[in-house]
Protein chains: 2
Amino acid sequence: MNQKVTIKDVAELAGVSKSTVSRYLNQGYISVEKQERVKKAIEQTGFKSNFFAKRLKTKQSKLIGIVLPRMDSVTVGKLLAGISRILEPAGYQGLLLVSKLSGRKEIENIRSLQQQGVDGILVDSVGISEEHVKLTKSGTVPVLYTGQKHQDVPYVKIDDKAAGRMMGAYLRQMGHKHAVFAGVTETDIAVGVDRKQGFIDAFTEGRPEAKVDFVETGFDFLSAYNCGEDVRRCGATVVVGATDNISLGILRYFHERGLRVPEDISVVGFGGYEVGAVVYPALTTISFDYELVGMKAAQYLLDLLHGKPLEQNMEMPLFFVERESVRNLTGTLCQPQPSSLTGMA
Amino acid sequence: MNQKVTIKDVAELAGVSKSTVSRYLNQGYISVEKQERVKKAIEQTGFKSNFFAKRLKTKQSKLIGIVLPRMDSVTVGKLLAGISRILEPAGYQGLLLVSKLSGRKEIENIRSLQQQGVDGILVDSVGISEEHVKLTKSGTVPVLYTGQKHQDVPYVKIDDKAAGRMMGAYLRQMGHKHAVFAGVTETDIAVGVDRKQGFIDAFTEGRPEAKVDFVETGFDFLSAYNCGEDVRRCGATVVVGATDNISLGILRYFHERGLRVPEDISVVGFGGYEVGAVVYPALTTISFDYELVGMKAAQYLLDLLHGKPLEQNMEMPLFFVERESVRNLTGTLCQPQPSSLTGMA
DNA sequence: CTGTTAGCGCTTTCAA
DNA sequence: TTGAAAGCGCTAACAG
């Protein structure tokens, strides 16, 4: 191991007691003189206080467990960036566990973290089961969720339904009457159900002539690309990808088949990924600020730790990003201008 | 805190000694009978062994510190995915610290981790200074680098020079004589110096008529896009982006100006990001397997921990991905076929 | 096989 | 102000 010089060595060298050194390290109550001596001794010995001994005593790990579905995803990255932006200045560190998109593993991870004595746990969940709820309520370690929601646990997430609705309202306003929603499995409540339903609601509400077809695909470019033909066959005027990645895969498919976007067919997405701005046509989308979600989640968890009242579960703001991939069918306005690198920054 | 029931409680309830419980928890040497009793007691009490007490004794944290330049990046995500793929089955967990692309912060992070008593440290560095080297050699905790290299510390990284050379050789073979390298600051030795130099070497070696211009830009789409005009003015037949993101920004710029790729000008990148396959034309690139780098790095560090001989520093394999964005100027072959979603999977 | 006995390195009463 | 002493919860000799 790497721990050689202890508080005892420092004490001896400084000619004081261990407690005095400890006091120096923590609060006060030490004369300026001894303060000096201890300081010197610490420098000379290169003393580092032992993390585990300290934690054992103080019962505070200053560690936050973070459970993520996967690592190699832009959204997860942003979320993490937001989390560490709050945790770091607060003196907390993140302990990372990966659930590999499995609910079972998520539970295991939470268990393991609880047992390890982290101060709090943040879970970017793929689905909150009853077992999650039980685990969350039974333990003494606060657990906060994101990605999915459940009325019985604290969470901070994007309002997927509102996002869907926002997009539905926009396309309706642009004169579209027949859309195809390229979505994901309903196992994913947030994206597979809420986002889709929000869209359908806003798009069709009180418009019997409006129609939404549905094609199921995966989260990656390739599976979206592969369902391109199914999507096209629907004959809709606009395709709504449940995520930008899905839309990008479809955009590629259309490109290869010679379909022009938005002249022949419009395409929109959700997420606001940066690459949506560099492809052509640039993708119109609802942008989510995952970094902000991470920050809010971390802040909320910290509040929980400090015994603050747990206010409402919150759902985060959304930003509509109009770019070049939607055609205005009303004829009252001209095409969205394919200007320079729209909405990129 | 959350620790109520200790090994002592379990012992009492089971009518055995603490050591017996401890033995049950760890290796063996316990009769089947007491084994049963202890097991029951643990279940009844819901006992969880205290992480910190255990670590304090065993002097093993089973924790690996990970220092990353930033979180919201695809390459970092992949790296992390690779790391956790090795760490997890080995029973280690990752403690995450972010350096925000600052060398100073990197040092601080390493210090803090050393002091915290992690078993090892993995640093995805932005530049290995002498101070890094000192810190690495002075401490008793093994530190392994990636992202950058330095002869005096262990590292695992992509061979940037070889990547550059590979690309130089390819473009040369395709008949290009005048390239412009859209690169980054030389502060970044790996990308800014090695990658570029490798390219120049292979492209110009023994060809006095070959010429490489240089334009400096940043790592993001936008700054690449913004230097589009400078790049274009060079009048080269091919632009080499130091990363795929840079190439994507430039591709967008060209698109807006009506330049056709690869008919009017060719574009290549480095990295093999998936989005390079869905844009049109799909980007020809050198692909790096960052996940593999993460795995190798983690494995190497674990070997170090277990006192295995530290073999050579290693640089990882590269994959050339030919897609649609380069024009063959030799006239002996036709255009690379813009087939279906080339090299996507 | 099992219990007793020492601590790991630190914090924190409690007297002095 | 300071030092002595008592552990935090666990593991690991050491006898038995």
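We name chains A, B, ... by the order of the sequence lines, and we start the count at 1 in each one. Note: hydrogens, waters and symmetry copies are ignored here, and every other heavy atom, side chains too, is used.
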Using a 4.0 Å cut-off on protein heavy atoms (strictly under), produce a 5'-to-3' string for nucleotides 2-7 of chain D with B for base contact, S for backbone-only sugar-phosphate contact, and - for none. BBBB-B
Separation of B:D9 atom CG from D:dC8 atom P, in whole Å? 11 Å
I'd like to know if the side chain of A:Q115 pairs up with that of B:N50 as donor and acceptor (distance under 3.5 Å, no hydrogens or angles considered). no
Specify the angle, to 10°, made by the local axes at the two ends of the helix from C:dC1-D:dG16 to C:dA16-D:dT1 when five pairs are taken at each end. 40°
Using whole Å, what does the distance between atom P of nucleotide C:dC1 and atom CD of B:Q35 come to? 10 Å
For B:D152, all residues meeting salt bridge (charged side-chain N to carboxylate O under 4.0 Å, His left out), sequence neighbours excluded: none
Rounded to whole Å, please give me the gap between CD in A:Q116 and P in D:dC10. 14 Å
Under the salt bridge (charged side-chain N to carboxylate O under 4.0 Å, His left out) test, residues paired with A:E130 that sit two or more places apart: none
Contacts of B:Y92 meeting ring pair (Phe, Tyr, Trp, His ring centres under 6.0 Å) (sequence neighbours excluded), chain-then-number -> none
A:Q60 CD to D:dC8 C1': how many Å, rounded? 14 Å
So, using salt bridge (charged side-chain N to carboxylate O under 4.0 Å, His left out) as the criterion, who are the partners of A:K54 when residues are at least two apart? none
A:R37 CZ to D:dT1 C1', in whole Å, measures 13 Å
Distance check needed: C:dC10 P versus B:K54 NZ, whole Å only. 21 Å
D:dT11 phosphate, OP1 or OP2: any side-chain N/O from B:S22 under 4.0 angstrom? yes
Sequence neighbours left out, what passes salt bridge (charged side-chain N to carboxylate O under 4.0 Å, His left out) with B:K149? Give chain and number order. B:E315
Residue B:A53, side-chain heavy atoms: nucleotide from C:dC8, D:dG9, C:dT11 that is nearest: D:dG9
Does B:K59 put a side-chain nitrogen or oxygen below 4.0 Å from OP1 or OP2 of C:dG9? yes
B:N50 has an atom CG; how far is it from atom C1' of C:dC8, in whole Å? 13 Å
Rounded to the nearest Å, what distance is computed from the CZ atom of residue A:R55 to the P atom of nucleotide D:dC10? 18 Å
Given C:dT11, C:dC10, D:dC8, the nucleotide with the shortest approach to the side chain of A:L56: D:dC8
Residues 93-104 of chain A side chain polar contacts: donor-acceptor under 3.5 Å, at least two apart:
{"unit_1": "A:Q93", "atom_1": "OE1", "unit_2": "B:Q116", "atom_2": "NE2", "d": "3.3"}
{"unit_1": "A:S99", "atom_1": "OG", "unit_2": "A:L68", "atom_2": "O", "d": "3.3"}
{"unit_1": "A:S102", "atom_1": "OG", "unit_2": "A:R104", "atom_2": "N", "d": "3.3"}
{"unit_1": "A:S102", "atom_1": "OG", "unit_2": "A:K105", "atom_2": "N", "d": "2.9"}

Would you list the pairs meeting salt bridge (Lys or Arg N to Asp or Glu O under 4.0 Å) in which at least one residue belongs to residues 135-146 of chain B, sequence neighbours left out? none
So A:F52 and B:F52, would you call those rings parallel, tilted or perpendicular, with 30° and 60° as cut-offs? tilted
